[in-house]
Amino acid sequence: MCSRVFPWLSNFSSNFHKYRCFLPLWNATNINQTRNYSRRGLVRKPIKVIPAVPSETVDSGSGETVNVGFFRQFDRANEFKPELKSPPPGQDLHVNKLENVADHVDAQPRLRFEKVNAADKRVRRILTLMRSRKYREQTKKVLLEGRRLIIDAILAGAECHTIYFSRVESLEGIPWYETDAELLRIPYKEVKLWSDVVTPQGIMAVFSQPRFEDLPMMSEEQSIPLTVICDNIREPGNLGALLRSAVAAGSQQILVTKGCVDIWDLKVLRAGAGAHFRTQIHNNLPWDSVKNYLDDDVVVHVADCRTADAFERVEEDDCETESVVDPRTLDLNDVRTMNLLSKLPNEDLMNDMDVDKKLNCVPTKDFYNIDWTVKSAIVIGGETHGLSKQAVDLADETYGYKVHIPMAFGMDSLNAAMATSVVTFEAKRQYLNCKENNKNT
Ligand SMILES: C[S@@+](CC[C@H](N)C(=O)[O-])C[C@H]1O[C@@H](n2cnc3c(N)ncnc32)[C@H](O)[C@@H]1O
């Protein structure tokens, strides 16, 4: 009878062992202080909210009072454990750190967060700003979405400023207590508004961009003597996927040159799936500084989808274009001339032709015929214009090759990230073979 009339009461009593530690909070003083909130929180939907137990109203600093919730994570140790793959000690810093987190799980402090409603402009303002590359570059901050990325960033030692979450459960598995982050609970529809995914996980966080110099170097066991250089990769999904495979193959470092999409763009981060926090990625590098990141004996190759025959055809086409239009004969008032001009190569096309001429001087090899066991770098070109002139110059200077991945059925090219996977995993295969042979001799 009692359970039918007061279903929440019976739920409460059956879970009493879980809530008993809150009893001291439910004293008359607290309830009096937060009359409205307590009425809503404790009487109407206490069981739904539990284990989040609202308890007091505090001054936010700006003169307004805000609702503050307290929450103690129960049984979180069990929820952590499936993520721990028990690596051999000393092998992977990230996982070892996770282990430490699990060790301290019992010592977790109480979760204290501020509840922010949809009308609060603070959240919208910061989330709008975080979408701007300029703002990210100026403040050296980054917005991360989803549990996996946030955990990776915390474990990589990146400084966490604020965590926005829509339900307390969204914080599961996140070692928020390892940070000094401010915790703001925001309505799910706000997260949805800012997220690019259809069903967001309901958690986002603002971090300082990690300094890649501070990130752990990959262990010698895992890494291969290869640098991947990104040249004009404009599509965020491509760059993210490229970083993901380059890191997965064990590339020693990744250089992202100016002209590529920002590696801290939300979509790049999502497609990168944690690659950003696992090895050294140098962002936004002008081409003339690239050499500073490479040892003197590194051979720089460029990945190119065209074969030598294609270059011969390009050369012939060039000659034809030149013979059709003689600039000295142009009359700018003549309609036919204007038509001719519209057919003239534009600036991008002229640049492409320069690169093609230069590329013609660099010998071609299929990707499996390159010796990847020596210190090497591979440049991956952009989606629209392929490789830049600076990349080709560097290959020429270091006696590198045009690396070609043969394709069947007349396919033109692979996606940049796919080409990266093919090349980097071939490099890894050769490197492992070579190590194995050295061991046997
Ligand atoms: C989508 S492709 C660029 C196609 C571009 N229109 C061009 O003309 O180069 C992007 C990059 O992936 C690499 N790539 C794609 N397919 C390749 C292949 N079959 N062999 C070697 N590299 C390839 C090259 O670095 C290329 O610049």
Side-chain angles (χ1 to χ4, degrees), residues 226-246 248-249 251 254-261 263 268 271 285 287 290 299-318 321 345-372 376-396 398 400-430:
L226 178 69
T227 297
V228 174
I229 306 177
C230 307
D231 183 16
N232 273 322
I233 309 228
R234 305 273 165 88
E235 214 282 307
N238 280 349
L239 184 60
L242 184 158
L243 298 178
R244 187 175 182 173
S245 20
S251 312
I254 301 168
L255 309 181
V256 180
T257 56
K258 255 190 169 50
C260 291
V261 57
I263 62 165
V268 179
L285 297 181
W287 262 103
V290 165
V299 183
V300 180
H301 304 288
V302 286
D304 194 73
C305 40
R306 286 161 301 172
T307 52
D309 308 352
F311 281 101
E312 274 157 30
R313 282 203 301 275
V314 167
E315 286 254 294
E316 282 164 20
D317 289 351
D318 285 356
T321 324
N346 61 23
E347 204 179 312
D348 278 347
L349 208 54
M350 292 297 255
N351 282 342
D352 286 355
M353 279 164 21
D354 276 355
V355 176
D356 289 350
K357 275 185 194 153
K358 186 87 199 181
L359 261 177
N360 229 359
C361 316
V362 179
T364 308
K365 269 192 181 182
D366 284 341
F367 72 103
Y368 44 79
N369 286 329
I370 302 273
D371 180 3
W372 297 108
S376 330
I378 179 77
V379 184
I380 305 289
E383 300 84 357
T384 341
H385 298 295
L387 298 157
S388 66
K389 184 167 178 299
Q390 293 93 325
V392 185
D393 283 344
L394 199 57
D396 194 27
T398 58
Y401 286 92
K402 273 194 310 253
V403 177
H404 180 69
I405 306 164
M407 291 164 291
F409 301 115
M411 292 303 290
D412 276 349
S413 67
L414 298 173
N415 156 292
M418 297 299 158
T420 309
S421 296
V422 173
V423 170
T424 51
F425 278 91
E426 166 63 13
K428 183 169 187 114
R429 188 192 66 78
Q430 287 188 17

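Both ligands and their constituent atoms are indexed starting at 1 by order of listing.
Taking the side chain as every heavy atom from C-beta outward, Ser376 and Leu226 approach each other to under 4.5 Å. Looking only at side-chain heavy atoms (C-beta outward), Ile378 and Phe367 stay at 4.5 Å or farther from each other. Ile233 has its side chain within reach of Glu383: a pair of non-hydrogen atoms, C-beta onward, lies under 4.5 Å apart. Residues Thr364 and Asp304 are not in side-chain contact: their nearest non-hydrogen atoms beyond the backbone lie 4.5 Å or more apart. Side-chain atoms of Val261 and Arg234, non-hydrogen and from C-beta on, never get closer than 4.5 Å to each other.
With atom 21 (C) of ligand 1 as the reference point, the heavy atom nearest to it among Asp304, Val422, Asn232 is part of Asp304. Looking at Gly382, Ala419, Cys305, it is Gly382 that brings a heavy atom closest to atom 3 (C) of ligand 1. When the heavy-atom distances from atom 1 (C) of ligand 1 to Asp231, Val423, Ile378, Leu414 are ranked, the shortest goes to Leu414.
Counting only heavy atoms of the protein, atom 9 (O) of ligand 1 lies nearest to Gly386 CA, 3.4 Å. Looking at atom 12 (O) of ligand 1, its nearest protein heavy atom turns out to be Ala416 CA, 3.6 Å. With respect to atom 19 (N) of ligand 1, the closest heavy atom belonging to the protein is Ile405 O, 2.9 Å. What sits closest to atom 24 (C) of ligand 1 on the protein, heavy atoms only, is Ala303 O, 3.2 Å. For atom 5 (C) of ligand 1, the nearest protein heavy atom (residue, atom name, distance) is Glu383 O, 3.7 Å. Among protein heavy atoms, the minimum distance from atom 11 (C) of ligand 1 is reached at Gly381 O, 3.3 Å.
Taking both residues in full, the closest heavy atoms of Met407 and Met411 are given as CE-O, 3.6 Å, listed atom of the first, atom of the second, then distance. Between Thr424 and Ser251, the closest heavy-atom pair is CG2-OG, 3.8 Å.
Each of Val300, Val379, Asp231 was checked for a side chain to side chain contact (heavy atoms under 4.5 Å, CB included) with Leu394, and the lone residue meeting it is Val300.
Annotation: the span from Cys305 atom SG to Asp412 atom CG amounts to 7.5 Å, rounded to 0.5 Å.
Taking a 4.0 Å cut-off on heavy atoms, Asp412 fails to register as neighbouring ligand 1.
In the vicinity of Val403, heavy-atom distances shorter than 4.0 Å reach the ligand 1 atoms 21 (C). Which parts of ligand 1 touch Met407 is read off a 4.0 Å heavy-atom cut-off, strictly below it: atoms 19 (N). Proximity to Ser413 (heavy-atom distance under 4.0 Å) selects the following atoms of ligand 1: 1 (C), 16 (N). Residue Thr384 approaches ligand 1 through these ligand atoms, each under 4.0 Å from one of its heavy atoms: 5 (C), 6 (N).
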